[in-house]
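A short worksheet on the structure shown next.
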There are 2 protein chains.
Amino acid sequence: MIRTAILLLVLAGAALGAENWRDEGVIYLAHTPNAAMNPVPVHAVEIGHGFWYGRREANVERSIPTMFTLLDEHGIVENFRNTAAHNGKPHNGPLYTDSDLYKWMEAAAWSLQSHDDPALRKQLDSLTATIASAQEPSGYVNTYWSGARASERFTQMYRSHELYCLGHLLQAGIAYYRSTGNTALLDIGRKFADYLVADFGPTKRPLLTGHPELEMALVELYRTTGEKKYLGLAGYLLSGVETERLQLKPSQITYLFSGVPFTSRTALVGHAVRAMYASSGATDYYSETGDAAYRKTLDTLWADLTMRKMYITGGVGARAEGESFGAAYELPNDQAYGESCAAIGNMMWNFRLLQVTGEEKYADVMERALYNGVNSGMSLDGTLYCYRNPLASTGEKIRNPWYETTCCPPNLERVLASLPGYFYSTSKDGIWVHLYHNSKLDWHLEDGTGLKIEQQTEYPWKGDVTLEVTPEKAERFTLRLRIPEWAKNASVEVNGAKEAAPRAGSYAAITRSWKAGDRVTLDLPMETRALAANPRVESDYAKVAVARGPLIYCLEAPDQSAPVGDLEFAGLSEPFEKLDRPDLLQGVVVLEHKGAAYEPTLAETPLYLPWADAERRTARPVELNFIPYYAWANRGTNAMEVWVPLGLR
Amino acid sequence: MIRTAILLLVLAGAALGAENWRDEGVIYLAHTPNAAMNPVPVHAVEIGHGFWYGRREANVERSIPTMFTLLDEHGIVENFRNTAAHNGKPHNGPLYTDSDLYKWMEAAAWSLQSHDDPALRKQLDSLTATIASAQEPSGYVNTYWSGARASERFTQMYRSHELYCLGHLLQAGIAYYRSTGNTALLDIGRKFADYLVADFGPTKRPLLTGHPELEMALVELYRTTGEKKYLGLAGYLLSGVETERLQLKPSQITYLFSGVPFTSRTALVGHAVRAMYASSGATDYYSETGDAAYRKTLDTLWADLTMRKMYITGGVGARAEGESFGAAYELPNDQAYGESCAAIGNMMWNFRLLQVTGEEKYADVMERALYNGVNSGMSLDGTLYCYRNPLASTGEKIRNPWYETTCCPPNLERVLASLPGYFYSTSKDGIWVHLYHNSKLDWHLEDGTGLKIEQQTEYPWKGDVTLEVTPEKAERFTLRLRIPEWAKNASVEVNGAKEAAPRAGSYAAITRSWKAGDRVTLDLPMETRALAANPRVESDYAKVAVARGPLIYCLEAPDQSAPVGDLEFAGLSEPFEKLDRPDLLQGVVVLEHKGAAYEPTLAETPLYLPWADAERRTARPVELNFIPYYAWANRGTNAMEVWVPLGLR
């Protein structure tokens, strides 16, 4: 009934401003024809104590406020005031700084759904007014391409980031709308989008996203407003038909991951963030159009990602040069780029694929990236950020409060702020649980019946999860519990009665008449896993990565009794020891294993040796002490490694 | 007696034009105070049939002529004519093209000592006249920084390659002089050098080599002319005192390997060719000055090279980005850069260190680079060149006839043309043998006594070498035979009588009264060696490189029964089989070993797996067929790898 009402509003083009803003999640798929589910809104999930609690508190209390201060100090807000004043003052920072502020605003906006804060609303309203003052009557707004540079607009789209900034403006506007019902910020972006719709296209002036991002934002704008023209513009951008008109070079087409038809792509190449954002936007576009060519391309790219190009942390982008994907199996550890934004893009893409298909394998990638390659990006205290996320280090400084290109920090902030929106989705027949954490869901089924679910768990430190399911009234529906691919021998009980053994790498579907107080007990065995990479990965051969639940572990120098580079496993036959360390790194489970340390240190031994001599190298027994990867580099700059030599002696 | 005469000429500053040009080798150390030996001239060694014969024939018959045609077709010679004519025509090619022609001229000049060719002399004389016509009265000559760009001379030395081009001009001039006694080309370079000496220096205008090279050339010019001012200018360039006056950035100082005192360097960083050339020049400078700070720095850098940053092929420069050295132990195989010029630089540097110190370890590195990382750079037919020399490949095209930046092809040509000059050196007490090959030395001891040595050997395919030593008259002197570090259990006989067992990694010194017809028999056991890398090398852990004598081997696709990426050793306990294949790749020794090939192919298996599942992967027994690394990619584009997984099952 509620759904019908919304649908009518959408069809009437009048959705915006209506009360359905409260229903819309991180992405809003209630009317999407090719989606298996629709995520619940951010405010529907309250995250309780545990793994994410402290990180999210740090995000709201320190990351978001300190990042605004830094943005302001670097003149990023001033750029808008200068543009509005036409005062000719030089632009502060690189040409894409507007997007950094927008992304920060998006983070702040999402945070309101968990932590309402009138002062923050007021700050966002004031920033919105500042941005509005910089917008031209045409709708164009970009503080870099203004003043003397206004004549160069849309002439250097391969680098201009004009549409990239608009994408982030729209996403910020959508987030603020979905958190408050306030359309002021969204209206600014929409006006710019309307300008593009009016003046650009195959028979008008050519457009190129250059840095893909706007595709996602336009589809979401379509979902928010019901206006098909935005979907059409997204399709035009993805169609990549302007290669000739824009005289794009092959190297640009590779690097930009735009400029040729998305459906012509056969591999992940070029700038990793661009490729992930483009793939996210293409997934959104597919979900609304059902165009099979997109689905085929998405499948091909996803296979390339997961079979050949993804770090075990969910990080992507092997090369610093061009911040790009490497060749197949090119996954260096020490030199890994693994930009935080790229891991976030990977998470966003896989979240979309999950919503569209209902296939658990996408949730695995999403969770892998979230807990590891994304999570490593922000320091435990919430004030330092990684741009690169290497999987081994000899101790360089990787966490900084500010980067001249400060895309990653507010990106990390918006992920943490919107995290509750990734937990659950609804479908016509029930509800899906994607993530586990102490939490309370307060939402409803798609037929309108209220539904509360309270999770109690110490996930990811422990694998038992209790879900108290409380529908408003007894009702038959399906509860789908995600059983991660790593959770072999998981078990589910409902009110103490064992369900059929669920298959790892699937959603365990429990269809029954649910009534208030029903209690589901899920056990995801948290075995420590020793993992191997495909031997074609040059950097990981005969090395072991340690995982437990969704967490990838690493060796960091402060926990070891020998230099990290000298350590190896002493075989894998012995079990890992697990140690709760509430005192360490805001509380972690540490894993220990028998190992060996070369003596004398490998730093003093020759680069090349006959195997017989190499095998005579001596080592002493040591304990290998593993911490979760995300928590490294929180005790100063230290050597670290994820892939630990197996030990050959 | 001869020496005294030369010395007097040098002291009188009248060496140039005198007859000692016939005595000067690749570098000329007869009067160098801090050198253990002095290499014999190129013409003193005639290389007979065997390993290098065909390559050197191809160099003279195909490489040198076809490269000139390509240089000419690309307008590299025309640049000089245009400059001379002041016709305002645009410069052809990148800004350093002059150096490509000079390097080609150097190659052609050295080749005359083995293959005199009046037509080639005439061609070189004509080119010399063309270059002379482009030289300004000041001495300045550079076709890029002429015409409209003349006003920018010496204003962008961090990129201008002005001094780099002069360095190659001087080296070409020296080579032509040493081959013919003709000083015309050398005079052009000398005039430019005189201009620099006059107008630049600490109290005058500042200079920076930008791309080091001129340092070597200036010291050689000093050695050739006896004029101290050139040594002084080299010292000024190496002193790096102009950092502030030139406002050099830290990134430039790293990349350029110049701009700060050479003696302040503690590690090999930045552009690999620049670092190798700078180190070669610094070694030359040390040899003439004895400045202990240089020796200390050279030792530090050499340790960094050989302990942490050199490929097993003698290639250097891990990264494509900046064509640069990587971090310690960063030696990727598939992504290796290993520019041919950098391996040549490594060879040149180690040849210089050997001459200075007499320590065999430098000859090992020189030979490693020569037979592998340099040798791979030119196709067997002499018409295709590698810029990159990776140690693994999935089959990209790495050999091309021409590069827009065509530094490597003529560099490879000058190495092959001058190769006889690397075979022998003399010292006061006798003669040193560095390289083995069918060959005839016709030279003299430093006291003037004529000396012939005829080597008979099939090195590097076989390890027995017979040297017939024929002094002009019976005389007591020391014959030093290089015993490579890999040659364990080598033995030496003189006239059938066994000498004391020589130590691998040393020169076996045989001091006796030598008479005509004395016969030395050297046996260097050619065992196939399985080599391991330091486990800190991320890319080589638990992998085996195969070597035999000075040659590094590899697996190339055409010789295998399964995809190269699927192959591994089936342990190392079985011996290698050796197979003479005169029919293959112009004649090679092939090595075979028991191996295994994953089935199904690793291309179809997951990226990450639990170790237990990974260990259950199946493989079938196969034979691994190794060819010498230098010979790969001569049968089209193929997958290849040097470091082969040990096999863990």
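So you know, we letter chains A, B, ... as the sequences are listed, proteins then strands, and number each from 1.
Annotation: maximal heavy-atom pairing with chain A below 4.5 Å, among B:L531, B:L646, B:T306, occurs at B:L531. Ranked by heavy-atom pairs under 4.5 Å with chain A, the first of B:P606, B:A547, B:A612 is B:P606. Ranked by non-hydrogen atom pairs under 4.5 Å with chain A, the options B:K309, B:E604, B:M310 are led by B:M310. With respect to chain A, the highest number of heavy-atom pairs below 4.5 Å among B:D566, B:V537, B:T394 belongs to B:D566. Heavy-atom pairs under 4.5 Å with chain A were tallied for B:T605, B:L331, B:N333; the largest tally goes to B:N333. The choice from A:E641, A:R529, A:K543, A:R308 that makes the most heavy-atom pairs within less than 4.5 Å of chain B is A:K543. Of the listed residues (B:G565, B:P535, B:A545), the one with the most heavy-atom contacts under 4.5 Å to chain A is B:P535. Annotation: maximal heavy-atom pairing with chain B below 4.5 Å, among A:L572, A:D613, A:L609, occurs at A:L609.
For the 3.5 Å distance criterion, the side chains of B:Q335 and B:R319 fail to qualify, holding no donor opposite an acceptor. A donor-acceptor contact under 3.5 angstrom links the side chains of B:E538 and A:S539, judged on distance only. No side-chain donor-acceptor contact under 3.5 Å links B:E556 and B:Y629. A donor-acceptor pair shorter than 3.5 Å cannot be found between the side chains of A:S324 and A:E321. Side-chain contact annotation: B:D364 with B:W486, donor-acceptor N/O pair under 3.5 Å absent.
There is no contact between B:L567 and chain A, counting heavy-atom distances below 4.5 Å. The contact between A:A320 and chain B is made by backbone and side chain atoms together, counting heavy-atom distances below 4.5 Å. At a 4.5 Å heavy-atom cutoff, the contact between B:R536 and chain A is made by backbone and side-chain atoms alike. Contacts between B:E330 and chain A at a heavy-atom distance below 4.5 Å involve the side chain alone, from C-beta outward. Looking at B:L602, both its backbone and its side chain come within 4.5 Å of chain A, counting heavy atoms on both sides.
Between B:T313 and B:N389 there is no side-chain heavy-atom pair separated by less than 4.5 Å.
Separation of the A:H593 and A:F569 ring centroids falls under the 6.0 Å cut-off. Ring to ring, B:Y362 and B:W302 are close: their centroids are under 6.0 angstrom apart.
In this structure, OG on B:S393 lies 7.5 Å from CZ on B:R388, to the nearest 0.5 angstrom.
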